[in-house]
Amino acid sequence: MTTLTSKYPCLRQDFLASIVVFLVAVPLCVGVAVASGVPAELGLVTGIVGGLVTGFLPGSSLQVSGPAAGLTVLVFEAVSEFGVGTLGVIVLVAGLLQLAMGFLKIGRWFRAISVSVVEGMLCGIGLVIIAGQIYAAAGLKAPGTGLGKIAGLPGAVVDALGSSTALASLAIGAGTIAVIVLWKRVPKAVRSVPGALAAVVLATVATLALGLPVATVTVEGLFGVVQVPGTDAFGELASPAIWGTIVAFALIASAESLFSAAAVDRLHDGPRTEYDKEMVAQGVGNTVCGLLGALPMTAVIVRSSANVNAGARTKASRVMHGVWLLLFAAALPSALALVPIPALAGILVHAGWKLIPFRQISTLWRGHRGEALILVVTAVSIVAVNMFEGVLIGLALSVAKTAWEASHLKTEIVDKGAGPIQVHLMGNATFLRLPKILDSLEALPQDRPVELDLSGLHHLDHACRTALENWAERHTAVGTEPVRVTTA
(Lines give C-alpha, C1' and ligand atoms only; values in the text may rest on other atoms or scores of the structure.)
Protein backbone atom coordinates (compact mmCIF):
# COMPACT_ATOMS: atom_id res chain seq x y z
CA MET A 1 0.00 0.00 0.00
CA THR A 2 1.39 3.31 -1.01
CA THR A 3 2.02 5.53 1.99
CA LEU A 4 1.38 9.26 2.09
CA THR A 5 5.10 9.87 2.42
CA SER A 6 5.93 7.95 -0.74
CA LYS A 7 3.08 9.56 -2.66
CA TYR A 8 3.92 13.05 -1.39
CA PRO A 9 7.69 13.02 -0.75
CA CYS A 10 7.71 16.64 0.49
CA LEU A 11 4.78 16.19 2.89
CA ARG A 12 6.88 16.24 6.06
CA GLN A 13 8.74 19.45 5.13
CA ASP A 14 5.54 21.16 3.97
CA PHE A 15 3.65 20.10 7.11
CA LEU A 16 6.31 21.51 9.44
CA ALA A 17 6.57 24.71 7.37
CA SER A 18 2.78 25.15 7.50
CA ILE A 19 2.86 25.09 11.31
CA VAL A 20 5.53 27.80 11.36
CA VAL A 21 3.61 29.98 8.89
CA PHE A 22 0.40 29.50 10.89
CA LEU A 23 2.12 30.64 14.08
CA VAL A 24 3.54 33.69 12.28
CA ALA A 25 0.19 34.48 10.63
CA VAL A 26 -2.12 34.45 13.66
CA PRO A 27 -0.86 37.59 15.45
CA LEU A 28 -0.35 39.44 12.17
CA CYS A 29 -3.86 38.63 10.87
CA VAL A 30 -5.42 39.80 14.11
CA GLY A 31 -3.16 42.85 14.44
CA VAL A 32 -3.79 44.07 10.89
CA ALA A 33 -7.55 43.69 11.34
CA VAL A 34 -7.65 45.62 14.60
CA ALA A 35 -5.44 48.38 13.16
CA SER A 36 -7.70 48.56 10.09
CA GLY A 37 -10.73 49.28 12.24
CA VAL A 38 -12.56 45.98 11.58
CA PRO A 39 -13.33 42.93 13.77
CA ALA A 40 -10.27 40.78 14.50
CA GLU A 41 -11.87 37.70 12.94
CA LEU A 42 -11.95 39.34 9.50
CA GLY A 43 -8.16 39.24 9.44
CA LEU A 44 -8.30 35.49 10.06
CA VAL A 45 -10.92 35.09 7.29
CA THR A 46 -8.56 36.75 4.81
CA GLY A 47 -5.70 34.52 5.99
CA ILE A 48 -7.90 31.44 5.55
CA VAL A 49 -8.86 32.47 2.01
CA GLY A 50 -5.19 33.18 1.27
CA GLY A 51 -4.37 29.60 2.22
CA LEU A 52 -7.35 27.58 1.05
CA VAL A 53 -8.19 29.50 -2.15
CA THR A 54 -5.15 31.42 -3.40
CA GLY A 55 -2.86 28.71 -1.99
CA PHE A 56 -4.22 26.15 -4.47
CA LEU A 57 -3.77 28.35 -7.54
CA PRO A 58 -0.70 28.56 -9.81
CA GLY A 59 1.58 31.57 -9.94
CA SER A 60 4.13 31.59 -7.14
CA SER A 61 4.33 28.24 -5.39
CA LEU A 62 5.92 29.29 -2.09
CA GLN A 63 4.67 32.78 -1.28
CA VAL A 64 1.84 33.05 1.24
CA SER A 65 -1.10 35.46 1.01
CA GLY A 66 -3.16 37.14 3.71
CA PRO A 67 -3.96 40.54 5.21
CA ALA A 68 -0.94 42.84 4.93
CA ALA A 69 0.33 45.68 7.10
CA GLY A 70 1.02 47.56 3.87
CA LEU A 71 -2.72 47.98 3.21
CA THR A 72 -3.67 48.88 6.78
CA VAL A 73 -3.67 52.63 6.16
CA LEU A 74 -5.74 52.36 2.98
CA VAL A 75 -8.26 49.97 4.57
CA PHE A 76 -8.65 52.19 7.63
CA GLU A 77 -9.33 55.20 5.39
CA ALA A 78 -11.88 53.20 3.37
CA VAL A 79 -13.68 51.90 6.46
CA SER A 80 -13.76 55.41 7.97
CA GLU A 81 -15.23 56.90 4.79
CA PHE A 82 -17.54 54.16 3.50
CA GLY A 83 -18.11 51.84 6.49
CA VAL A 84 -17.32 48.17 7.17
CA GLY A 85 -20.39 47.06 5.23
CA THR A 86 -19.04 48.55 2.00
CA LEU A 87 -15.52 47.15 2.47
CA GLY A 88 -16.59 43.84 0.92
CA VAL A 89 -17.76 45.55 -2.27
CA ILE A 90 -14.51 47.50 -2.56
CA VAL A 91 -12.42 44.35 -2.13
CA LEU A 92 -14.68 42.35 -4.49
CA VAL A 93 -14.43 44.85 -7.36
CA ALA A 94 -10.68 45.29 -6.74
CA GLY A 95 -10.35 41.51 -7.04
CA LEU A 96 -12.26 41.53 -10.33
CA LEU A 97 -9.91 44.26 -11.61
CA GLN A 98 -6.94 42.08 -10.66
CA LEU A 99 -8.51 39.16 -12.54
CA ALA A 100 -8.93 41.35 -15.62
CA MET A 101 -5.32 42.56 -15.39
CA GLY A 102 -4.12 38.97 -15.04
CA PHE A 103 -6.11 37.70 -18.04
CA LEU A 104 -4.91 40.69 -20.08
CA LYS A 105 -1.33 39.77 -19.10
CA ILE A 106 -0.65 43.07 -17.37
CA GLY A 107 0.93 41.38 -14.34
CA ARG A 108 4.43 41.32 -15.78
CA TRP A 109 4.30 45.08 -16.36
CA PHE A 110 4.20 45.73 -12.63
CA ARG A 111 7.90 44.87 -12.68
CA ALA A 112 8.41 48.12 -14.61
CA ILE A 113 7.28 50.27 -11.67
CA SER A 114 10.17 52.28 -10.29
CA VAL A 115 11.69 50.62 -7.24
CA SER A 116 12.02 54.08 -5.67
CA VAL A 117 8.24 54.55 -5.85
CA VAL A 118 7.61 51.15 -4.27
CA GLU A 119 10.17 51.75 -1.51
CA GLY A 120 8.71 55.23 -0.96
CA MET A 121 5.23 53.73 -0.71
CA LEU A 122 6.39 51.22 1.90
CA CYS A 123 8.26 53.95 3.77
CA GLY A 124 5.20 56.21 3.89
CA ILE A 125 2.99 53.32 4.99
CA GLY A 126 5.51 52.38 7.67
CA LEU A 127 5.60 55.92 9.07
CA VAL A 128 1.79 56.16 9.24
CA ILE A 129 1.52 52.70 10.83
CA ILE A 130 4.11 53.53 13.49
CA ALA A 131 2.52 56.88 14.33
CA GLY A 132 -1.00 55.45 14.46
CA GLN A 133 -0.09 52.39 16.53
CA ILE A 134 1.71 54.48 19.15
CA TYR A 135 -1.71 55.95 19.98
CA ALA A 136 -3.20 52.43 20.06
CA ALA A 137 -0.41 51.24 22.35
CA ALA A 138 -1.24 54.05 24.78
CA GLY A 139 -4.97 53.46 24.56
CA LEU A 140 -5.54 56.89 22.98
CA LYS A 141 -7.64 57.87 19.96
CA ALA A 142 -5.49 58.63 16.93
CA PRO A 143 -6.12 61.61 14.60
CA GLY A 144 -7.64 60.73 11.25
CA THR A 145 -4.81 61.82 8.92
CA GLY A 146 -1.20 60.69 8.64
CA LEU A 147 0.09 64.21 9.15
CA GLY A 148 -2.23 64.64 12.13
CA LYS A 149 -0.95 61.43 13.69
CA ILE A 150 2.67 62.54 13.48
CA ALA A 151 1.98 66.15 14.53
CA GLY A 152 -0.06 64.98 17.51
CA LEU A 153 2.58 62.63 18.94
CA PRO A 154 4.12 65.18 21.39
CA GLY A 155 0.69 65.89 22.86
CA ALA A 156 -0.08 62.18 23.05
CA VAL A 157 3.14 61.58 24.99
CA VAL A 158 2.17 64.28 27.49
CA ASP A 159 -1.31 62.77 27.89
CA ALA A 160 0.13 59.28 28.37
CA LEU A 161 2.61 60.40 31.03
CA GLY A 162 -0.27 61.80 33.07
CA SER A 163 -2.30 58.59 33.04
CA SER A 164 -1.41 55.37 34.88
CA THR A 165 -3.71 53.40 32.56
CA ALA A 166 -1.96 54.76 29.45
CA LEU A 167 1.47 54.04 30.98
CA ALA A 168 0.47 50.43 31.71
CA SER A 169 -0.79 50.06 28.15
CA LEU A 170 2.42 51.57 26.73
CA ALA A 171 4.49 49.23 28.88
CA ILE A 172 2.75 46.22 27.30
CA GLY A 173 3.32 47.62 23.80
CA ALA A 174 6.97 48.45 24.47
CA GLY A 175 7.52 45.05 26.05
CA THR A 176 6.05 43.36 22.98
CA ILE A 177 8.48 45.21 20.70
CA ALA A 178 11.40 44.36 22.99
CA VAL A 179 10.55 40.64 22.91
CA ILE A 180 10.32 40.62 19.11
CA VAL A 181 13.64 42.46 18.71
CA LEU A 182 15.49 40.35 21.29
CA TRP A 183 13.94 37.02 20.28
CA LYS A 184 16.70 36.36 17.75
CA ARG A 185 19.14 36.13 20.68
CA VAL A 186 17.35 33.35 22.55
CA PRO A 187 18.52 29.72 22.15
CA LYS A 188 17.85 28.18 18.75
CA ALA A 189 15.44 25.59 20.14
CA VAL A 190 13.25 28.35 21.59
CA ARG A 191 13.34 30.34 18.34
CA SER A 192 11.22 27.64 16.68
CA VAL A 193 8.34 29.68 18.13
CA PRO A 194 7.98 32.89 16.06
CA GLY A 195 8.93 36.04 17.96
CA ALA A 196 5.63 37.83 17.30
CA LEU A 197 3.61 34.92 18.70
CA ALA A 198 5.86 34.62 21.74
CA ALA A 199 5.54 38.36 22.35
CA VAL A 200 1.72 38.22 22.22
CA VAL A 201 1.58 35.22 24.55
CA LEU A 202 3.94 36.84 27.07
CA ALA A 203 2.02 40.13 26.91
CA THR A 204 -1.26 38.30 27.49
CA VAL A 205 0.15 36.38 30.46
CA ALA A 206 1.63 39.55 31.96
CA THR A 207 -1.65 41.45 31.56
CA LEU A 208 -3.66 38.67 33.25
CA ALA A 209 -1.12 37.98 35.99
CA LEU A 210 -0.70 41.64 36.96
CA GLY A 211 -4.34 42.57 36.42
CA LEU A 212 -3.38 45.51 34.21
CA PRO A 213 -6.18 47.83 33.01
CA VAL A 214 -5.41 47.22 29.35
CA ALA A 215 -7.94 46.99 26.48
CA THR A 216 -8.23 43.58 24.83
CA VAL A 217 -9.54 42.37 21.47
CA THR A 218 -13.32 42.39 21.00
CA VAL A 219 -14.55 39.00 19.80
CA GLU A 220 -17.72 38.59 17.71
CA GLY A 221 -17.26 35.03 16.45
CA LEU A 222 -16.11 33.89 13.03
CA PHE A 223 -19.55 33.45 11.50
CA GLY A 224 -20.87 36.60 13.13
CA VAL A 225 -18.44 38.87 11.23
CA VAL A 226 -18.74 37.27 7.79
CA GLN A 227 -21.25 39.39 5.87
CA VAL A 228 -22.02 39.06 2.18
CA PRO A 229 -22.31 42.61 0.78
CA GLY A 230 -25.93 43.70 0.46
CA THR A 231 -27.78 45.79 -2.10
CA ASP A 232 -27.05 49.01 -0.20
CA ALA A 233 -23.32 48.31 -0.30
CA PHE A 234 -23.38 47.74 -4.07
CA GLY A 235 -25.31 50.98 -4.40
CA GLU A 236 -22.20 52.81 -3.20
CA LEU A 237 -20.61 52.00 -6.57
CA ALA A 238 -22.65 54.84 -8.04
CA SER A 239 -20.42 57.25 -6.11
CA PRO A 240 -17.32 58.34 -8.06
CA ALA A 241 -15.38 58.70 -4.79
CA ILE A 242 -15.37 54.95 -4.14
CA TRP A 243 -13.72 54.13 -7.46
CA GLY A 244 -10.48 55.85 -6.52
CA THR A 245 -10.30 53.60 -3.46
CA ILE A 246 -11.09 50.49 -5.54
CA VAL A 247 -8.36 51.28 -8.08
CA ALA A 248 -5.92 52.00 -5.23
CA PHE A 249 -6.72 48.62 -3.62
CA ALA A 250 -6.21 46.78 -6.91
CA LEU A 251 -2.99 48.51 -7.96
CA ILE A 252 -1.28 48.63 -4.57
CA ALA A 253 -2.24 45.06 -3.63
CA SER A 254 -1.01 43.86 -7.03
CA ALA A 255 2.26 45.75 -6.82
CA GLU A 256 2.94 44.51 -3.29
CA SER A 257 2.14 40.90 -4.26
CA LEU A 258 4.28 40.86 -7.38
CA PHE A 259 7.23 42.59 -5.73
CA SER A 260 6.92 40.07 -2.92
CA ALA A 261 6.98 37.27 -5.51
CA ALA A 262 10.21 38.64 -6.98
CA ALA A 263 11.75 38.75 -3.50
CA VAL A 264 10.61 35.20 -2.66
CA ASP A 265 12.07 33.90 -5.94
CA ARG A 266 15.47 35.06 -4.71
CA LEU A 267 15.10 32.94 -1.57
CA HIS A 268 14.73 29.52 -3.22
CA ASP A 269 15.78 27.49 -6.26
CA GLY A 270 12.33 26.14 -7.15
CA PRO A 271 9.98 27.17 -9.96
CA ARG A 272 9.95 30.89 -10.76
CA THR A 273 6.83 33.01 -10.42
CA GLU A 274 4.48 33.29 -13.40
CA TYR A 275 3.39 36.87 -12.86
CA ASP A 276 0.15 36.90 -14.83
CA LYS A 277 -1.03 33.68 -13.17
CA GLU A 278 -0.11 35.09 -9.77
CA MET A 279 -2.16 38.19 -10.58
CA VAL A 280 -5.13 35.94 -11.38
CA ALA A 281 -4.61 34.01 -8.13
CA GLN A 282 -4.59 37.24 -6.12
CA GLY A 283 -7.68 38.41 -7.98
CA VAL A 284 -9.56 35.21 -7.18
CA GLY A 285 -8.55 35.50 -3.52
CA ASN A 286 -9.68 39.11 -3.23
CA THR A 287 -12.94 38.35 -5.02
CA VAL A 288 -13.71 35.66 -2.45
CA CYS A 289 -12.62 37.96 0.40
CA GLY A 290 -14.96 40.62 -0.95
CA LEU A 291 -17.88 38.20 -1.06
CA LEU A 292 -17.21 37.38 2.61
CA GLY A 293 -16.85 41.05 3.60
CA ALA A 294 -13.25 40.45 4.70
CA LEU A 295 -10.01 42.42 4.43
CA PRO A 296 -8.12 42.61 1.12
CA MET A 297 -5.22 40.23 0.70
CA THR A 298 -1.76 40.47 -0.77
CA ALA A 299 1.21 38.16 -0.82
CA VAL A 300 3.06 38.88 2.44
CA ILE A 301 6.84 38.76 2.50
CA VAL A 302 7.04 38.03 6.25
CA ARG A 303 4.92 34.87 5.96
CA SER A 304 6.45 33.93 2.61
CA SER A 305 10.04 34.14 3.84
CA ALA A 306 9.05 32.18 6.97
CA ASN A 307 7.57 29.53 4.67
CA VAL A 308 10.75 29.23 2.59
CA ASN A 309 13.09 29.34 5.59
CA ALA A 310 11.04 26.63 7.32
CA GLY A 311 11.78 24.26 4.44
CA ALA A 312 8.57 24.35 2.38
CA ARG A 313 8.84 22.60 -0.97
CA THR A 314 5.40 22.93 -2.56
CA LYS A 315 2.18 24.95 -2.31
CA ALA A 316 0.86 22.32 0.15
CA SER A 317 2.45 24.24 3.06
CA ARG A 318 0.44 27.39 2.43
CA VAL A 319 -2.77 25.41 1.91
CA MET A 320 -2.27 23.59 5.23
CA HIS A 321 -1.55 26.89 7.00
CA GLY A 322 -5.03 27.97 5.85
CA VAL A 323 -6.50 24.82 7.40
CA TRP A 324 -4.82 25.56 10.75
CA LEU A 325 -6.14 29.15 10.66
CA LEU A 326 -9.66 27.87 9.99
CA LEU A 327 -9.47 25.38 12.86
CA PHE A 328 -8.12 28.07 15.21
CA ALA A 329 -10.79 30.60 14.23
CA ALA A 330 -13.59 28.04 14.57
CA ALA A 331 -12.42 26.27 17.74
CA LEU A 332 -10.62 28.92 19.77
CA PRO A 333 -12.17 32.33 19.04
CA SER A 334 -12.43 33.11 22.76
CA ALA A 335 -8.62 33.04 22.97
CA LEU A 336 -8.56 36.27 20.98
CA ALA A 337 -10.52 38.06 23.71
CA LEU A 338 -7.51 37.67 26.03
CA VAL A 339 -5.04 39.39 23.68
CA PRO A 340 -4.10 42.96 24.74
CA ILE A 341 -4.55 45.53 21.98
CA PRO A 342 -1.24 47.28 22.85
CA ALA A 343 0.54 43.97 22.15
CA LEU A 344 -0.91 43.93 18.64
CA ALA A 345 0.05 47.60 18.29
CA GLY A 346 3.61 46.68 19.25
CA ILE A 347 3.71 44.01 16.54
CA LEU A 348 2.58 46.53 13.94
CA VAL A 349 5.02 49.20 15.12
CA HIS A 350 7.79 46.66 14.56
CA ALA A 351 6.31 45.71 11.15
CA GLY A 352 6.06 49.39 10.20
CA TRP A 353 9.69 49.98 11.18
CA LYS A 354 10.79 47.14 8.92
CA LEU A 355 8.90 48.73 6.01
CA ILE A 356 11.14 51.82 6.15
CA PRO A 357 14.05 51.15 3.74
CA PHE A 358 16.87 52.86 5.64
CA ARG A 359 19.63 51.03 3.77
CA GLN A 360 18.10 51.69 0.35
CA ILE A 361 17.71 55.41 1.09
CA SER A 362 21.38 55.63 2.06
CA THR A 363 22.51 53.70 -1.03
CA LEU A 364 20.37 55.75 -3.40
CA TRP A 365 21.54 59.02 -1.89
CA ARG A 366 25.16 58.11 -2.54
CA GLY A 367 24.66 56.97 -6.14
CA HIS A 368 21.28 58.13 -7.46
CA ARG A 369 20.06 61.23 -5.66
CA GLY A 370 17.18 61.72 -8.08
CA GLU A 371 15.82 58.29 -7.17
CA ALA A 372 16.34 59.01 -3.47
CA LEU A 373 14.34 62.22 -3.89
CA ILE A 374 11.47 60.30 -5.54
CA LEU A 375 11.48 57.83 -2.63
CA VAL A 376 11.33 60.59 -0.02
CA VAL A 377 8.70 62.65 -1.85
CA THR A 378 6.49 59.56 -2.29
CA ALA A 379 6.74 58.76 1.41
CA VAL A 380 6.07 62.34 2.51
CA SER A 381 3.12 62.61 0.10
CA ILE A 382 1.52 59.47 1.53
CA VAL A 383 1.88 60.87 5.05
CA ALA A 384 0.68 64.36 4.12
CA VAL A 385 -2.13 63.49 1.69
CA ASN A 386 -3.17 59.84 1.43
CA MET A 387 -1.96 56.53 0.09
CA PHE A 388 -3.40 56.63 -3.43
CA GLU A 389 -2.49 60.20 -4.27
CA GLY A 390 0.95 59.78 -2.69
CA VAL A 391 1.72 56.84 -4.99
CA LEU A 392 0.43 58.78 -8.02
CA ILE A 393 2.73 61.68 -7.11
CA GLY A 394 5.66 59.28 -6.88
CA LEU A 395 4.82 57.68 -10.24
CA ALA A 396 4.47 61.10 -11.88
CA LEU A 397 7.89 62.15 -10.55
CA SER A 398 9.42 58.90 -11.75
CA VAL A 399 7.99 59.34 -15.25
CA ALA A 400 9.12 62.98 -15.34
CA LYS A 401 12.64 62.04 -14.26
CA THR A 402 12.84 59.30 -16.87
CA ALA A 403 11.56 61.63 -19.58
CA TRP A 404 14.08 64.29 -18.59
CA GLU A 405 16.97 61.84 -18.65
CA ALA A 406 15.78 60.34 -21.94
CA SER A 407 15.87 63.80 -23.50
CA HIS A 408 19.59 64.26 -22.79
CA LEU A 409 21.01 66.75 -25.25
CA LYS A 410 24.47 68.17 -25.91
CA THR A 411 24.86 71.47 -27.75
CA GLU A 412 28.27 72.29 -29.19
CA ILE A 413 29.00 75.67 -30.84
CA VAL A 414 32.13 76.13 -32.95
CA ASP A 415 33.04 79.73 -33.87
CA LYS A 416 36.38 80.20 -35.66
CA GLY A 417 35.96 83.97 -35.81
CA ALA A 418 35.34 83.98 -39.55
CA GLY A 419 32.93 82.14 -41.77
CA PRO A 420 29.78 80.42 -40.58
CA ILE A 421 29.16 79.48 -36.93
CA GLN A 422 28.75 75.74 -36.59
CA VAL A 423 26.13 74.41 -34.16
CA HIS A 424 26.09 70.65 -33.44
CA LEU A 425 23.13 69.08 -31.59
CA MET A 426 23.68 65.55 -30.23
CA GLY A 427 21.37 63.26 -28.28
CA ASN A 428 17.59 63.55 -28.01
CA ALA A 429 15.92 66.84 -28.85
CA THR A 430 12.51 66.88 -27.17
CA PHE A 431 10.21 69.64 -25.97
CA LEU A 432 11.73 69.23 -22.48
CA ARG A 433 15.05 70.59 -23.79
CA LEU A 434 13.56 73.17 -26.13
CA PRO A 435 14.17 76.21 -23.87
CA LYS A 436 17.87 75.31 -23.62
CA ILE A 437 18.18 74.84 -27.40
CA LEU A 438 16.49 78.14 -28.21
CA ASP A 439 18.53 80.03 -25.61
CA SER A 440 21.74 78.80 -27.28
CA LEU A 441 20.57 79.63 -30.81
CA GLU A 442 19.11 83.04 -30.01
CA ALA A 443 22.37 84.05 -28.33
CA LEU A 444 24.24 83.68 -31.66
CA PRO A 445 25.21 86.86 -33.57
CA GLN A 446 22.41 87.90 -35.93
CA ASP A 447 24.82 89.03 -38.67
CA ARG A 448 26.68 85.74 -39.04
CA PRO A 449 25.70 82.72 -41.14
CA VAL A 450 24.95 79.54 -39.21
CA GLU A 451 25.38 75.86 -40.05
CA LEU A 452 23.06 73.70 -37.95
CA ASP A 453 24.20 70.08 -37.77
CA LEU A 454 21.42 67.70 -36.63
CA SER A 455 23.13 64.48 -37.74
CA GLY A 456 24.08 63.64 -34.14
CA LEU A 457 20.45 63.54 -32.97
CA HIS A 458 18.87 60.18 -32.15
CA HIS A 459 15.43 61.74 -31.92
CA LEU A 460 13.88 65.08 -32.93
CA ASP A 461 10.28 65.57 -31.86
CA HIS A 462 7.72 67.69 -33.67
CA ALA A 463 7.88 70.58 -31.18
CA CYS A 464 11.65 70.92 -31.59
CA ARG A 465 11.55 70.57 -35.36
CA THR A 466 8.93 73.32 -35.63
CA ALA A 467 10.83 75.61 -33.24
CA LEU A 468 14.10 75.13 -35.16
CA GLU A 469 12.40 75.93 -38.45
CA ASN A 470 10.87 79.10 -37.00
CA TRP A 471 14.24 80.18 -35.55
CA ALA A 472 15.95 79.63 -38.92
CA GLU A 473 13.35 81.83 -40.63
CA ARG A 474 13.82 84.63 -38.05
CA HIS A 475 17.62 84.43 -38.30
CA THR A 476 17.49 84.64 -42.11
CA ALA A 477 14.93 87.47 -42.11
CA VAL A 478 17.49 90.08 -41.01
CA GLY A 479 19.46 89.69 -44.25
CA THR A 480 21.85 86.94 -43.17
CA GLU A 481 22.60 83.95 -45.39
CA PRO A 482 20.01 81.17 -45.00
CA VAL A 483 20.72 78.75 -42.16
CA ARG A 484 22.22 75.55 -43.56
CA VAL A 485 20.80 72.45 -41.88
CA THR A 486 22.54 69.08 -42.03
CA THR A 487 20.40 66.09 -41.02
CA ALA A 488 22.57 63.13 -42.00
Side-chain angles (χ1 to χ4, degrees), residues 32-33 35-39 42-43 46 67-101 106 110 113 117 120-122 124-125 127-129 131-132 141-151 225 227-257 282-283 285-298 377-397 399:
V32 168
S36 299
V38 302
L42 286 183
T46 298
L71 285 178
T72 302
V73 177
L74 192 57
V75 174
F76 185 85
E77 291 175 355
V79 170
S80 300
E81 184 173 356
F82 303 108
V84 177
T86 308
L87 178 62
V89 171
I90 294 173
V91 177
L92 169 62
V93 180
L96 294 175
L97 284 178
Q98 287 182 300
L99 280 172
M101 289 190 289
I106 295 174
F110 275 82
I113 297 176
V117 175
M121 178 186 76
L122 296 177
I125 292 169
L127 290 171
V128 175
I129 288 175
K141 182 175 177 57
T145 64
L147 203 57
K149 289 181 176 69
I150 293 176
V225 299
Q227 294 183 353
V228 177
T231 306
D232 292 343
F234 280 100
E236 292 284 347
L237 294 176
S239 168
I242 201 172
W243 284 96
T245 301
I246 290 171
V247 172
F249 269 52
L251 295 181
I252 293 172
S254 300
E256 190 167 340
S257 294
Q282 294 296 323
N286 274 317
T287 301
V288 174
C289 285
L291 290 172
L292 298 175
L295 290 171
M297 75 162 56
T298 74
V377 170
T378 303
V380 171
S381 299
I382 288 173
V383 172
V385 189
N386 59 47
M387 171 89 110
F388 186 46
E389 292 179 17
V391 171
L392 289 181
I393 289 170
L395 287 172
L397 276 177
V399 170

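Heavy atoms only: backbone and side chains are in, while hydrogens, waters and symmetry mates are out.
Nearest heavy-atom pair, A33 versus P39, reported as atom, atom and distance to 0.1 Å: CB-O, 3.6 Å. The minimum heavy-atom distance linking L71 with P296 is given by the pair CD1-CG, 3.9 Å. Contact detail for G43 and P67: the closest heavy-atom pair is O-CG, 3.5 Å. A78 approaches T245 most closely through the heavy-atom pair CB-CG2, 3.9 Å. Nearest heavy atoms, E256 versus A68: OE2-CB, 3.7 Å. When all heavy atoms of F249 and A94 are compared, the pair lying nearest together is CB-CB, 3.8 Å.
Proximity of a side-chain donor or acceptor of N286 to a complementary backbone N or O of M297 within less than 3.5 Å is detected.
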Check: Do L251 and M101 pass the side-chain contact (heavy atoms from CB on, under 4.5 Å) test, and can you show the C-alpha distance, the side-chain angles, and the key distance before you say yes or no?
Finding: CA-CA 10 Å; L251 295 181; M101 289 190 289; 4.2 Å; yes
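Note: L392 CG to L397 CG = 11.5 Å, rounded to the nearest 0.5 Å. Interatomic distance, CG of L147 versus CG of L127, reported as 11.5 Å (0.5 Å rounding). The line from CZ of F82 to CD1 of I242 is 5.0 Å long, rounded to the nearest 0.5 Å. Atoms CD and CG, from Q227 and L42 in turn, are 8.0 Å apart once rounded to the nearest 0.5 Å.
Each of L295, V32, V128 was evaluated against T72; a single residue qualifies, V32, per the side chain to side chain contact (heavy atoms under 4.5 Å, CB included) test. Just one residue in the list L237, I246, L291, D232 forms a side chain to side chain contact (heavy atoms under 4.5 Å, CB included) with V89, and that residue is L237.
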